[in-house]
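Encoded as structure tokens, the structure appears first; notes follow it.
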Amino acid sequence: MQFDEVMPAHFNTLSRNPFPHVLVEQALLQLGGGGVDGSKFAKQVLTAAGWRHASVVSYGKYPDEAAAAFNKVRAVLVVNQDPTELIARLTAAK
């Protein structure tokens, strides 16, 4: 899966077109099985990528950290979309 680079400004800007982090998050929700399971999986992946804030904290509050985490996920999704392997690669990259 190919996604454009996530920039910190994306988290505090409005657009009619979805930003890359929205597309990455949608892909994670699908890889995780959708619904509640997909949400849990996306949170797990972002945590493995370095997002260390609670799910109630918006990405816009820490846009640099959010962009870094999403870009790590984006880089791994290019080469592998297996849910277990995705988390393993992100955890190993720390």
Interatomic distance, OG1@T91 vs CG@L86, rounded to 0.5 Å, equals 9.0 Å
What is the distance from atom CE of M1 to atom CD of Q30, rounded to the nearest 0.5 Å? 7.0 Å
E65 and R52: salt bridge (Lys or Arg N to Asp or Glu O under 4.0 Å), yes or no, with the steps? CA-CA 9 Å; E65 292 177 35; R52 55 188 177 88; 3.3 Å; yes
Rounded to the nearest 0.5 angstrom, the CD-CG distance for Q44 and L90 is 11.0 Å
Is V22 reachable from V6 through a run of I, L, V, M, F, W or Y residues, each pair having side-chain heavy atoms under 4.5 Å apart? no
Ignoring hydrogens, what is the shortest heavy-atom contact between L31 and P83? Give both atom names and the distance. O-CG, 3.6 Å
When clusters are formed from ILVMFWY side-chain contacts under 4.5 Å, directly or step by step, what else is grouped with V79? V78
Would you say Y59 ends up clustered with M7 if hydrophobic residues are merged whenever their side chains have heavy atoms under 4.5 Å apart, either directly or through other cluster members? no
Rounded to the nearest 0.5 Å, what separates atom CG in L77 from atom CZ in R89? 10.5 Å
Using every non-hydrogen atom in the two residues, find where A49 and A69 come nearest and quote the distance to one decimal. CB-O, 3.5 Å
V24 to F3 - nearest heavy-atom pair and separation: CG2-CG, 3.6 Å
Rounded distance (nearest 0.5 Å) linking atom CG of D37 with atom CG of L29: 11.0 Å
Quick one, R74 and P20 - any side-chain contact, counting heavy atoms below 4.5 Å? no
When you compare the side chain of V76 with that of V45, does any pair of heavy atoms fall below 4.5 Å? no
Verify ring pair (Phe, Tyr, Trp, His ring centres under 6.0 Å) between F70 and W51, making sure each step is shown before the conclusion. CA-CA 9 Å; F70 274 101; W51 179 251; 8.0 Å; no
From F19 CZ over to E25 CD, what is the distance, rounded to the nearest 0.5 angstrom? 14.0 Å
What is the minimum heavy-atom distance between P8 and P63, and which atoms define it? O-CB, 3.4 Å
